[in-house]
Amino acid sequence: MEYRKLGAKGPMISQIGFGCMRLPEIEEKGKWSIDEEKAIPMLRRAYELGINYFDTAVGYCHENSQYTVGRAIKPFRDKVVLSTKCPLGDKADSDRVFWNNLENSLKRIDTPYIDIYHFHGINKGTYDNVIEPLGLMKAAQKAIDQGMIRHICFSFHDDPKNMIYILERGEIFTSVTCQYNLLDRSHEESMAWAHDHGYGIVVMGPVAGGRLAAPSELYKKLLGKESDSTPELALRFVLGNKNVTCALSGMQTIEMVEQNAKIGDEKEPMSAEDFEKAGVMMEEIKKFSDLYCTGCNYCMPCPKGINIPYVFNCHTYKNVYGLVDHAKGMYSRVGREGDRHGGAAVSECIECRQCAKKCPQHISIPEKLREVAASFAK
Ligand code: SF4
Ligand code: SF4
């Protein structure tokens with residue numbers, strides 16, 4: 001297994017990490033539990049094969065992941081790098097939220113310390129309105145001084161430039177965990193900035209939540225050759241980016257553990273040449289689409305709440321990348337009330353054309369929205 005250093009301050013970690021959010025589960029009368037007869041051997045096999053980074057969170061696997069991970073790694077706790085997360089709700093009003101979460105995680109995992117403690121899924125708003133005013137960075141430093149955690153980090157879901165905003169303010173951060181894959185390279189520049197400034201980068205969603213695991217012609221188009229299975233190639237692409245410390249894979253079976261560990265054994269998961277080629281081809285393929293939306297967001301916000309780039313993205317997945325089932329699943333969220341991805345239904349459009357006036361690609365947005373909606377209605 002190849003290892004990379006988690007930024008300037010962090011430990012050496014395996015370039016493939018175990019994302020413990022999809023451990024095998026059993027449902028009985030609406031109650032979920034982890035199938036530990038399968039999950040524990042998987043986690044231990046990963047360790048045997050050299051994977052030393054295990055990432056869990058309070059909410060994973062119906063809130064059972066932390067317990068199982070704790071039991072699995074107990075015999076070799078001091079040999080692994082354990083990551084878990086501090087959820088910060090909107091209602092947090094004092095630093096007790098940090099201490100309660102930390103104390104509960106230590107109990108659930110049954111460990112005296114956590115190596116990598118993340119503020120879970122934050123954005124600029126969480127940093128400005130919760131972390132900073134409630135003094136949570138000071139609390140994190142105190143937890144480090146007391147030996148309860150070794151590093152403070154954050155997982156991030158926001159505009160890429162806000163990753164830099166947060167890193168510039170929280171100088172005690174060791175690393176950031178963010179989304180990055182062939183279909184979503186929006187964080188690439190911020191990741192390069194973070195790497196150059198001494199932060200580690202852990203990637204979640206390297207196979208795009210399973211989308212890149214779907215059989216498709218995509219990879220042949222990208223590299224012009226038959227080679228690996230699609231998830232392998234997706235992982236190789238992510239690790240081909242030298243700014244990435246570790247790619248988290250949500251492994252579900254022993255076979256997946258073994259396949260992933262094999263990729264992690266390679267010094268060069270993807271050559272610089274193939275990495276470059278895959279990225280360029282991805283953009284090229286997109287340009288040949290009848291609808292070249294770059295996802296720049298200039299057309300937003302729509303007064304009716306339609307998430308225009310999201311709708312067009314569904315079209316791209318279906319017609320450009322050939323990920324038909326996934327695109328249908330994505331589109332089924334459009335118009336779903338309260339879904340921040342889907343936004344309002346396309347039928348809400350009042351043709352005010354505010355959006356089209358702002359689009360640098362000169363897309364006739366209201367007409368295209370109708371066409372996309374019609375193609376998914378078939
Ligand atoms: S034309 Fe339709 S999609 Fe565009 S801003 Fe107006 S309501 Fe929104
Ligand atoms: S402004 Fe145009 S290119 Fe940019 S996200 Fe909107 S539709 Fe796409």
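Sequential numbering from 1 along the given sequence is applied to the chain's residues. Hydrogens, waters and symmetry mates are skipped; everything else that's a heavy atom, side chains included, is used. When a ligand or atom number is given, it counts from 1 through the structure's own listing order.
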Step-by-step side chain to side chain donor-acceptor pair (under 3.5 Å) determination, Thr126 to Asn123: CA-CA 5 Å; Thr126 331; Asn123 53 34; 2.7 Å; yes

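- A cation-pi arrangement, defined by a distance under 6.0 Å to the six-membered ring centre and an angle within 45 degrees of its axis, is present between Lys318 and Phe376.
- One of the N, O or S atoms belonging to Cys349 lies under 2.8 Å away from atom 2 (Fe) of ligand 1.
- Each of the atoms 3 (S) of ligand 2 lies under 4.0 Å from some heavy atom of Gln361.
- Of the protein's non-hydrogen atoms, the one nearest atom 8 (Fe) of ligand 2 is Cys293 SG, 2.4 Å.
- Looking at Lys74 and Asp110, a side-chain N of the basic residue comes within less than 4.0 Å of a carboxylate O on the acidic one, giving a salt bridge.
- Under the 4.0 Å criterion applied to side-chain N and carboxylate O atoms, Glu48 and Arg45 are assigned as salt-bridge partners.
- The protein heavy atom nearest to atom 6 (Fe) of ligand 2 is Cys299 SG, 2.3 Å.
- Listed by atom number, the atoms of ligand 2 under 4.0 Å from Phe312 heavy atoms are 7 (S).
- The distance from ligand 1 to the heavy atoms of Pro366 drops below 4.0 Å at these ligand atoms: 1 (S).
- Salt bridge annotation for Arg353-Glu367: present, with a cationic side-chain nitrogen under 4.0 angstrom from a carboxylate oxygen.
- Atoms of ligand 1 found under 4.0 Å from any heavy atom of Lys304, numbered from 1 in the order shown, are 7 (S).
- Taking the six-membered ring for Trp and the full ring otherwise, Phe154 and Phe173 have centroids separated by under 6.0 Å.
- With hydrogens and angles left out, the side-chain atoms of Ser83 and His118 include a donor and acceptor closer than 3.5 Å.
- Every atom of ligand 1 is numbered from 1 in the order shown, and the set under 4.0 Å from a heavy atom of Arg353 is 1 (S), 6 (Fe).
- Residues Phe237 and Phe275 bring their aromatic ring centres within 6.0 Å.
- Atoms of ligand 1 lying under 4.0 Å from at least one heavy atom of Pro303, given by number and element, are 5 (S).
- The protein non-hydrogen atom at the shortest distance from atom 2 (Fe) of ligand 2 is Cys359 SG, 2.4 Å.
- Protein heavy atom closest to atom 3 (S) of ligand 1, with residue, atom name and distance, is Leu369 CD1, 3.6 Å.
- Taking the charged nitrogens against the carboxylate oxygens, Glu103 and Arg96 do have a contact shorter than 4.0 Å, which makes a salt bridge.
- The pair Lys138-Asp145 fails the salt-bridge criterion, with no side-chain N (NZ, NE, NH1 or NH2) lying under 4.0 Å from an Asp/Glu carboxylate O.
- In terms of protein heavy-atom proximity, atom 4 (Fe) of ligand 1 is nearest to Cys355 SG, 2.3 Å.
- Note on Arg71 versus Glu36: salt bridge recorded, some NZ/NE/NH1/NH2 to OD/OE distance being below 4.0 Å.
- For atom 7 (S) of ligand 1, the closest non-hydrogen atom on the protein side is Ile350 N, 3.5 Å.
- Using a 4.0 Å cutoff on heavy atoms, Ile365 does not count as a contact of ligand 1.
- Atoms of ligand 2 lying under 4.0 Å from at least one heavy atom of Pro360, given by number and element, are 1 (S).
- In Glu348, neither the side chain nor the backbone holds a heavy atom less than 4.0 Å from any atom of ligand 1.
- If you check which protein heavy atom lies closest to atom 5 (S) of ligand 2, you get Asn297 N, 3.2 Å.
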